Amino acid sequence: MSIAREVARRRTFAIISHPDAGKTTLTEKLLLYAGAIHIAGTVKARKSNRHATSDWMEIEKQRGISVASSVMQMEYRDCVINLLDTPGHQDFSEDTYRVLTAVDAALMVIDAANGVESQTLRLLEVCRARRTPVLTFINKLDREVREPLDIVDEIERVLAMPVVPFTWPVGMGKRFGGVFDLRAESMRVFRPGEETRADDVEIIAGLDNPECERRFGPDFEQAHNEIELVRAAMPEFNAEAFLSGKQTPVFFGSAINNFGVREVLDALVDLAPAPGAREALQRPVTPTEEKFSGVVFKVQANMDPAHRDRIAFVRVCAGRFERGMRLKICRNGKEIRTGNAVSFLSQRRDLLEDAYPGDIVGIPNHGLLRLGDTLTEGEQLQFTGLPFFAPEMFQTVEVDDPLRTKQLRQGLMQLGEEGAIQVFRPHAGGPLLLGAVGNLQFEVVAHRLRQEYGVTPRLTPTKFRLARWVTADNPRELTRFLDGNAHRIALDVVDAPAILVSHQAELNVIQERWTDIRFHGLREHGGQVFSADLG
C-alpha cells in the first residue's frame with residue numbers, strides 16, 4: 001500500500017483537559033467504541049480490580065490521576081487512530097507540551113459543571129501557538145450542570161475562539177435524554193450506566209418529530225428553542241478555520257455513560273487532519289517522502305518494571321518504518337537497530353512490523369535515545385520545537401542507605417532523561433538536585449524510586465527558586481563565569497550548565513555583571529539550541 005494512502009488514513013491527536021474533567025474516562029470510551037477494548041475501566045473503579053487502560057503507573061491507579069502520557073492505537077472506519085492521553089495535572093504541563101508537539105489535532109474535554117478551567121486555558125494556548133486544530137467535548141451532562149448556552153458563551157469569551165455546536169444536549173442530570181445531532185437532524189437516545197459498547201442505539205429522526213416532545217417533554221422543547229437560537233447566532237463550520245486552530249466544533253455528552261462518544265469519534269475521522277509537513281532545522285519534511293524520519297518526543301522508564309526497560313516514543317514524520325531497519329541518531333551519528341520495536345495499547349505492547357507518518361513507534365533501548373532525538377535512514381536532520389522549561393522549585397535528594405547510592409543515581413538519570421523531572425549535578429559537588437515545575441513531580445519521583453528502583457530517597461527543599469541555562473559566544477568567558485559562580489552552577493542531564501538563584505533580583509544583578517553571558521528560560525533537546533530569555 002502506498003505511503004500517501006497510509007498517511008491519508010492516519011489521525012493522531014491528544015486529549016487535553018483540566019484535572020477531573022473526565023479525560024481518562026473519555027479515552028477509555030473512545031477505545032471501547034473503536035473496538036480496541038471490550039469493557040471500559042474507570043479511573044476509580046469501586047469493588048473492581050479494573051483500572052483505566054491508559055493509567056499504567058501504580059501511583060495513577062492509587063490516586064485516580066494521570067501523571068504520565070499514554071499512547072494508544074486503534075482502527076475505526078478504515079482509519080488508524082493514534083490517541084495520546086496526556087497528564088491532566090498542571091505540575092506535568094511540560095510532559096503535556098511535548099506530547100502536543102507530536103500530534104496533528106487535540107480533543108479538549110470540559111467539565112459542564114465547572115466550564116473553562118485554568119489548566120484547560122494554558123493547554124489551549126499551547127495548541128493555539130502551534131495552530132493545532134481543537135475539537136471540544138463538554139462532559140458530565142448526566143449531572144446537574146450549567147446551562148449549555150452559558151458554557152458555549154464562556155468558551156467563546158474565555159478562549160477567544162468561535163465555537164460551532166455539532167450536537168446539543170436534551171436535559172441534564174436525571175432528566176438527560178441524549179444528544180441531538182445538528183448535522184444529521186436526529187436525536188441519539190442513550191441508556192445510562194453502560195460499560196460495554198452498544199450497537200443497538202435508538203435514533204429519533206427530525207427536530208420536529210413529535211416523538212421527541214412526547215418522550216422528553218419540556219426538556220426537548222427547551223433544547224429545540226436553544227438549537228434554533230444557536231443556528232441563527234453561531235457561525236457555520238469552516239474547515240479552513242478549524243484546521244488553522246481558529247474555530248472549534250463542540251460536542252456534548254457523558255463519557256462515563258457513553259453519551260456522545262460515538263459522535264466525537266466520527267468527527268475525529270471526518271474533520272481532524274491527516275499528518276502534514278514538519279519543520280526541521282535543515283528543511284521542511286513532508287510525510288510522503290520515501291525515506292524514513294522520526295522524532296523522539298517521550299522517553300518512559302520501567303513501563304515493565306520486571307524488565308527494567310526504557311522505551312523511546314518516536315513519532316513517524318516521513319516514510320515507512322519497518323521493524324529491523326537500522327536508523328541513524330542524528331545527535332551523535334550512532335546507529336540503532338529496531339528489531340524489537342513495539343506498538344501500544346497503553347501498557348500492552350505488541351511487536352510492530354511497520355508504521356507510517358502519524359504513528360507512534362516504541363523503541364526499547366538502554367539510554368541510547370533521548371528526548372528530541374531525530375532518527376533517519378542517514379540524512380542529517382533535526383526536528384525543532386521540543387523544549388525543556390526552567391524549573392521553578394528545587395530539592396536536594398540523598399538516600400538513607402549509602403549502599404543504594406548507585407541505584408539512586410541510575411534511577412534519577414533514567415527519570416531525568418524521560419522528562420519526569422529535571423536532575424542537576426552541582427558544579428562544586430554535593431547531593432544531586434531535582435528541579436520541577438510543581439510539587440507533585442517530587443512526590444511521583446519519590447514514589448517511583450521506591451517502587452521501581454528499591455531506593456528510599458530523602459528529599460530536602462533548597463533556597464533555589466529560579467534557574468536559567470547559560471551560554472556564551474566565547475568559551476573562555478563561559479568557563480570564567482562558571483568558575484566565578486560555582487556555588488550557584490549545576491549541570492543538567494545533558495551537561496548543559498544552568499545558574500540557580502533564590503529570587504529574580506539576584507538574577508538581575510548577575511545579568512548586569514556578566515553582559516557576555518546569555519541566560520535562557522528554556523532549552524531545546526540535546527542542549528544545543530536555546531530559546532530567547534523568558535525574563
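Quick caveat, the model's predicted, so the values are computed rather than measured.
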Mind checking whether [X] and [Y] have side chains closer than 4.5 Å, heavy atoms only?
X	Y	value
V295	C317	yes
I151	I155	yes
D359	V80	yes
I421	F442	yes
L141	V145	yes
D181	E263	yes
C79	R10	no
I16	L107	no

Audit row: F383, T374, side-chain contact (heavy atoms from CB on, under 4.5 Å) steps and yes/no:
CA-CA 6 Å; F383 288 103; T374 297; 3.6 Å; yes
Charged N to carboxylate O below 4.0 Å: is that the case for [X] and [Y]?
X	Y	answer
E6	R320	no
R188	E202	no
R283	E289	yes
R231	E185	yes
D266	R183	no
R77	D270	yes
R11	D104	no
E144	K174	no
R157	D153	yes
R370	D492	no

Can you check whether [Y]'s main-chain N or O pairs, donor with acceptor, with [X]'s side chain at less than 3.5 Å?
X	Y	value
K298	V99	no
R9	D78	yes
E392	R465	no
T132	A105	no
S186	A205	no
Q247	E236	yes
R518	T471	no

Could you tell me whether R215 atom CZ has more than 12 heavy atoms of other residues or ligands within 6.0 Å of it?
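More than 12 heavy atoms, drawn from other residues, nucleotides or ligands, come within 6.0 Å of this atom.
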Separation of [Y] [atom2] from [X] [atom1] (nearest 0.5 Å):
X	Y	atom1	atom2	answer
K29	L26	NZ	CG	9.5 Å
N225	L229	CG	CG	9.0 Å
F321	Y356	CZ	OH	12.0 Å
L381	R278	CG	CZ	13.0 Å
M72	I81	CE	CD1	12.0 Å
E211	M187	CD	CE	10.0 Å

Show your working on side-chain contact (heavy atoms from CB on, under 4.5 Å) between F13 and L83 and close with a plain yes or no.
CA-CA 5 Å; F13 72 98; L83 186 162; 3.7 Å; yes
Exercise: identify the closest heavy-atom pair between [X] and [Y]:
X	Y	result
L159	M108	CD1-CE, 3.5 Å
P357	P275	O-CG, 3.3 Å
E213	E221	OE2-OE1, 4.4 Å
G245	M161	O-CE, 3.4 Å
T288	A4	CG2-CA, 3.9 Å

Does a side chain donor of either [X] or [Y] reach within less than 3.5 Å of an acceptor in the other side chain?
X	Y	value
D111	N139	no
N439	E443	no
T136	T248	yes
Q73	N82	yes

Parallel, tilted or perpendicular: which fits the ring planes of F237 and F242, with parallel below 30° and perpendicular above 60°?
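F237 vs F242 ring planes: tilted.
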Using 30° and 60° as the class limits, which term best fits the ring planes of F180 and F220: parallel, tilted or perpendicular?
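If you compare the ring of F180 with that of F220, the planes turn out perpendicular.
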Mind checking whether W168 and F252 have ring centres under 6.0 Å apart?
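Yes; F252 has its ring centre under 6.0 Å from that of W168.
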Indicate, with yes or no, if the rings of F251 and F137 have centres closer together than 6.0 Å.
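Centroid distance F251-F137: not below 6.0 Å, so no.
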Between L415 and R448, does the side-chain contact (heavy atoms from CB on, under 4.5 Å) criterion hold? Intermediate values first, please.
CA-CA 9 Å; L415 294 175; R448 291 186 63 185; 3.5 Å; yes
Pair Q422-Q441, side chain to side chain donor-acceptor pair (under 3.5 Å): steps then yes or no
CA-CA 10 Å; Q422 294 192 50; Q441 285 178 276; over 6 Å; no
Determine, step by step, whether Q382 and C330 satisfy the side-chain contact (heavy atoms from CB on, under 4.5 Å) criterion, reporting the C-alpha distance in whole Å, the side-chain angles of both residues, the deciding distance to 0.1 Å, and the verdict.
CA-CA 7 Å; Q382 184 183 321; C330 293; 5.9 Å; no
